[in-house]
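All residue numbers refer to positions in the sequence shown, counting from 1. What's counted below: heavy atoms across the whole structure, side chains too, no hydrogens, waters or symmetry copies.
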Amino acid sequence: MDALRGFALFGILMVNITYMASAYHGTGLEDPGLGGPLSEAAHWVVAVLFEAKFFLLFSFLFGYRG
C-alpha cells in the first residue's frame, strides 16, 4: 500500500514540476513560449489524463486503511 501511495505522490510531483520549473511561475506573467493550439492541447491532455488521476489515486489511498 505504501508503494502505491509513493507512486501517486511521484505522479503528482511529475505533473506539478512543469509548473514549478517555469521561470514565470508566480510572477503573474504569461510564458511567451507557451500559447497556441498545440500547447493548449498538451496542457489539456496532461490535466485530464494525469493530474486528476494521481490526485484521485492519492486521495483514495490516503483514506484506505489496509
Side-chain angles (χ1 to χ4, degrees):
M1 197 53 52
D2 288 336
L4 284 175
R5 287 183 185 122
F7 175 71
L9 281 176
F10 181 72
I12 291 170
L13 175 67
M14 289 295 107
V15 168
N16 288 327
I17 204 163
T18 58
Y19 301 116
M20 290 184 263
S22 174
Y24 293 92
H25 177 70
T27 63
L29 301 173
E30 187 174 331
D31 189 349
L34 297 178
L38 187 59
S39 291
E40 293 298 323
H43 178 35
W44 183 82
V45 167
V46 168
V48 169
L49 297 180
F50 295 102
E51 282 182 26
K53 304 300 187 240
F54 284 119
F55 282 114
L56 179 65
L57 177 64
F58 182 72
S59 298
F60 173 73
L61 293 174
F62 186 75
Y64 180 75
R65 304 235 186 234

Across all chains, not counting sequence neighbours, the side chain to side chain contact (heavy atoms under 4.5 Å, CB included) partners of L61 are M1, L4, R5, L57

How about F54 and F10: do any of their side-chain heavy atoms sit closer than 4.5 Å? no

If you define the side chain from C-beta out and look only at heavy atoms, does anything of F60 sit under 4.5 Å from L56? no

Quick check on the hydrophobic clustering: are I12 and V48 connected, directly or via other members, by side-chain heavy-atom contacts under 4.5 Å?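 In one cluster with I12: V48, yes.
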
Please check if W44 and L49 belong to a single hydrophobic cluster, counting links between Ile, Leu, Val, Met, Phe, Trp and Tyr side chain heavy atoms closer than 4.5 Å. yes

What residues, two or more places apart in sequence or in another chain, satisfy ring-ring contact (aromatic ring centres under 6.0 Å, His included) together with F55? none

